[in-house]
Structure formats: C-alpha cells, structure tokens
Amino acid sequence: MSSTSLDPRLGQLWRAARAPVLICGLVLLVALGVAAATDRQNHGLLDPTAVDDSGSGALAGLLREQGVDVRVARRPEEIRAAGPGSTVFVPFPQQLTADQQAAVRSSAADRVVVAPGGGTETLVPGVAVGAHAAVASTEPRCALPAALAAGAADLGGELYRTRAPGAVRCYPRQDGAALVVVPGRGDTVTVVGTSAPFTNGALADNGNAALALHLLGGHRQLLWYLPAPETMTGQGRPLVDLVPRGWLWGAAQLAVAALLVAVWRGRRLGPVVAEPLPVVVRAAETVEGRGRLYRRAGARGHAAEVLREATLHRLRPLLGMESGAPAVAVVDAVAARCGRPPAQVRELLFGAAPEDDVGLVRLADGLDAVDREVRRS
C-alpha cells in the first residue's frame, strides 16, 4: 500500500504568503532608504586628522608646515592653562557643557569660535546672532589683516550683530556680519558663522585657506578643542536620543506596515451566520468536496487507497471473511467468484498508485465492476 501526504505544495504556500512578504520587503527597503538618506552623521567634521571633504586634516597639515604646534585638547584644564601665546579653536561650541564654556571664557589665549548659535552671548559677550544666510563668496569689507590677506571667502551661516567696543565686523551681509572679532585684555575672540573655510573640501576655494591660516596660525601653539565623548553635552541622555531620526522614522513605518498587514489578514468577510446544529450534509456533497481536496493536493495515491479500502470493507463480509483476512485469501476468493485472473484482481485491490487522473478513474471503474460481480455471484 502507498500513501501520499496531504500537506499543501510549496507553490500553494508561496501564493498564500507572497503578498505579506512582498509588502514587508517593500516597506523595509523604503525605511532603509529613508534612514540612509536622512540625518547622516559625519564623524570626520572639522577633525584635524580627517581627510574627507568635511574634515580639517589639510588645514592642520598646512599649519604644522608653518611651524604651528597643533594639539588636540580634550580637557577643560588644558584650555584654562592656555596663555597669551596660544590660540584655542572651538569647532563645536554648541556641544560644550557649562564647565567647558567657562573654561573657554576664562582662557587668556586668543579664541576662534565657529557658529556658537544660542551660546553666542555666553562665549562672546556683546555679540548676538542677528540672522542666517547661505554660505557664498563674500568680500571682507573690513580692515582686519586676516580678512585683507584672504580677500573674498566662503562665509555665511550665522550673521552677528555687536555693540562691543572695538569690535571688527567683516564679511557683512544685509542682517549682520559673518565674522566678528572682539578684543579683550590682551586677547581676542573671533566668531565665524560657518565651518566652510576650515574644511578640506572648501579650503582651496577663494581665500578660505588664507583666512583659516591667519585666524588659527597667529601663534606658535594651537589648541584644537575637541572634548572627550564622556564629557560632551548629552551625557545621561536616553538611548533613543542618540538614534538618528531617519532610523526612528523607519521603525515607525515598519510598525504601521505590520499593523496594516495584521488588520488585512484578520479582516472578516461578513457577519457571522447562525446555523442550527447538527447540519445535515448530503453524502454526494461530501464525496465531491473530498474529491476536490484530493485533486487540489495531487493526492492520487491516497484517493486510490481510500477507494480500495472501501471496496475491501464491502467485499470481506460477502466472502465470509474477517476484516483482517490476508490479501492472498481475499484475491483468491474474489477471483473465484468473478472468474477473473488472480493477477488482475491483485492489481485492482492491492496494486500500485495510479500515475494520473485517468488511471485513478480507471481504477474506480474496475473496483465498482468487481464489487458488482461479487454481489451477483
């Protein structure tokens, strides 16, 4: 005897699951694209060792060639200890803690601060952000030696207004100046509205290189202030605040897609129909429904086995045999009753599974004929 599994075929499984799989895959691709295209973090920005377009490795190299000792400062104590013969470069003033800002204010060295934003008044007293403008080639229009040596430079970003006595305003726009120098007691504080002149990608444009070299190379020592990560503002923030916004949007889209798929797969096709039980189902409908299931699953072997078992179940009592009678005895008895060769009877009752639907129909007809012949005999 042979049996065939009733499990659905792989093609049927794929047809049932392909829509949710394709939808989830499409949403995942969109989410990854959004996450990759938004809020990209450039970790080499204004880094004196970085060689990409946003880094400052080229500027640091030029300063060293001019004899400037370029050192990266990590601790506020280094900034406080800097004397009048030094320059402190603050590329990320908005990320400084209160203690770090106090160290920059109290330093006796000349300071160059890049786009302090809301902390402008704190780091550069008497200077405030007046407006913002696009970074573009701008003429200096001032008497500052560094600006005169550089000429037109790529400036913009934050524009500043000041009433500080002795302040020099350079690269002016309609709503303020892109570079302001405020003198102090033996030191100066220079605030620049954009980081463009200090980056590798823009260093060779216009007078950016000359301006950056004059602003940072005025003394023999340059402290490039990059506080250690554990001392940067943001310590103790939740982990979700450190995740780029694009990834959060991607996760939200995936959640919405999963919810929609769940609603779609769990939808109801209509109201529940109340039906009295037990339900009477006609035998012909049961046979037809089971036959369709066998045909859809391709279970010809199982269908043949069911037909043969049903025929044997009917023939054994007619032949005076018990349900466990051996196959040889059943074949001999049926052959004697019908007048058929034993080999033909054995093939009908215990043969191999049919190879196609035509063979299955032929087997069913043969079993019905044997059943009728035994009953007539």
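Atom set for the values below is all heavy atoms of this structure, side chains included, hydrogens, waters and symmetry mates excluded.
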| said: How close do Pro93 and Gln101 get, counting heavy atoms only, and between which atoms? | reply: O-NE2, 4.2 Å
| request: Could you give me the CA-CA distance, side-chain angles and deciding distance for Leu319 and Arg337, then say whether side-chain contact (heavy atoms from CB on, under 4.5 Å) is met? | output: CA-CA 9 Å; Leu319 299 172; Arg337 289 287 190 98; 3.8 Å; yes
| Do you know the tightest heavy-atom contact between Val182 and Pro125? | CG1-O, 4.5 Å
| remark: Rounded to the nearest 0.5 angstrom, the CG-OG1 distance for Leu223 and Thr87 is 8.5 Å
| query | Is Pro172 close to Leu159 at the side-chain level, that is, under 4.5 Å between some pair of heavy atoms? | reply | no
| note | residues 102-208 vs disulfide (SG to SG under 2.5 Å), sequence neighbours excluded, gives Cys142-Cys170
| field | Distance in Å, Leu46 CG paired with Asn200 CG, rounded so as to fall on 0.5 Å steps | value | 9.5 Å
| query | When you look at CD of Glu77, are more than 12 heavy atoms from neighbouring residues, nucleotides or ligands closer to it than 6.0 Å? | reply | yes
| Does Val104 offer a backbone N or O that forms a donor-acceptor pair with the side chain of Ser107 under 3.5 Å? | no
| Nearest non-hydrogen partners of Ile79 and Ala103, listed with the distance | CG2-O, 3.7 Å
| remark: Residue pairs meeting ring-ring contact (aromatic ring centres under 6.0 Å, His included), one or both in residues 176-224, sequence neighbours left out, come to Phe89-Phe198, Phe89-Trp224
| OG1/Thr162 to CD/Glu121 distance, rounded to the nearest 0.5 angstrom? | 8.5 Å
| said: So, using side-chain hydrogen bond (donor to acceptor under 3.5 Å, both in side chains) as the criterion, who are the partners of Glu373 when residues are at least two apart? | reply: Arg340
| task | Please list, chain by chain and in numerical order, all residues satisfying salt bridge (Lys or Arg N to Asp or Glu O under 4.0 Å) with Arg314, sequence neighbours excluded. | result | Asp371
| said: So, using side-chain hydrogen bond (donor to acceptor under 3.5 Å, both in side chains) as the criterion, who are the partners of Thr122 when residues are at least two apart? | reply: none
| said: If I compare all heavy atoms of Arg169 with all of Ala177, which pair ends up nearest, and what's the gap? | reply: CB-CB, 3.8 Å
| Do NZ/NE/NH1/NH2 and the carboxylate oxygens of Glu78 and Arg74 come within less than 4.0 Å? | no
| message | Using the side-chain contact (heavy atoms from CB on, under 4.5 Å) criterion, which residues pair with Asp99? Sequence neighbours excluded. | response | Pro76, Arg80, Thr97
| remark: Minimal heavy-atom distance between Val88 and Ala109, with the atoms involved, is CG2-CB, 3.9 Å
| said: Once ring pair (Phe, Tyr, Trp, His ring centres under 6.0 Å) is applied, do any residues pair with Tyr225, and if so which ones, sequence neighbours excluded? | reply: none
| message | So if I apply the side chain to side chain donor-acceptor pair (under 3.5 Å) rule between Arg111 and each of Thr188, Thr190, Asp187, which one comes out positive? | response | Asp187
| Is Leu144 close to Leu148 at the side-chain level, that is, under 4.5 Å between some pair of heavy atoms? | no
| Can you name the nearest heavy-atom pair linking Glu158 to Val129, along with the distance? | OE1-CG2, 3.9 Å
| request: Using a strict cut-off of less than 4.0 Å between a Lys/Arg side-chain nitrogen and an Asp/Glu carboxylate oxygen, indicate whether Asp356 and Arg300 qualify as a salt bridge. | output: no
| query | Going through the checks in order, is the side-chain contact (heavy atoms from CB on, under 4.5 Å) test met by Leu63 and Leu213? | reply | CA-CA 7 Å; Leu63 289 169; Leu213 290 173; 3.6 Å; yes
| query | What side chain to side chain donor-acceptor pair (under 3.5 Å) pairs are there with at least one residue in residues 22-31, not counting sequence neighbours? | reply | none
| From Asp69 CG over to Leu222 CG, what is the distance, rounded to the nearest 0.5 angstrom? | 8.5 Å
| request: Decide side-chain contact (heavy atoms from CB on, under 4.5 Å) for Ile23 and Val261; before the verdict, give the C-alpha distance in whole Å, the side-chain angles of both, and the deciding distance to 0.1 Å. | output: CA-CA 8 Å; Ile23 291 175; Val261 171; 4.2 Å; yes
| request: Measure the CG-CG distance between Leu179 and Leu211 for me, rounded to the nearest 0.5 Å. | output: 6.0 Å
| task | Report yes if the side chains of Val192 and Leu155 come closer than 4.5 Å at any heavy-atom pair, otherwise no. | result | yes
| said: If we count only N and O atoms by modelled type, under 3.5 Å, do the side chains of Asn208 and Asp154 hold a donor and an acceptor together? | reply: yes
| How long is the span from the CZ atom in Arg308 to the CG atom in Leu315, to the nearest 0.5 Å? | 13.0 Å
| field | Residue pairs fulfilling disulfide (SG to SG under 2.5 Å) with at least one residue in residues 64-109, sequence neighbours excluded | value | none
| request: Indicate yes or no for a side-chain donor-acceptor contact from Glu322 to the backbone of Arg316 under 3.5 Å, with no hydrogens or angles considered. | output: no
| said: Determine whether a donor-acceptor pair (N or O, by modelled atom type, separation under 3.5 Å) exists between the side chain of Arg173 and the backbone of Ala134. | reply: yes
| Can you pull the disulfide (SG to SG under 2.5 Å) pairs that have at least one residue in residues 76-116, sequence neighbours excluded? | none
| request: For Leu203 and Leu62, run side-chain contact (heavy atoms from CB on, under 4.5 Å): C-alpha distance rounded to whole Å, both residues' side-chain angles, the deciding distance at 0.1 Å, then the answer. | output: CA-CA 11 Å; Leu203 192 63; Leu62 292 175; 3.9 Å; yes
| said: Can you list everything that forms a side-chain hydrogen bond (donor to acceptor under 3.5 Å, both in side chains) with Ser86? Sequence neighbours excluded, please. | reply: Gln221
| task | Using side-chain hydrogen bond (donor to acceptor under 3.5 Å, both in side chains) as the criterion, list what pairs up with Arg282, not counting sequence neighbours. | result | none
| field | Polar side-chain atom of Thr138 near backbone of Ala136 as donor-acceptor pair, under 3.5 Å | value | yes
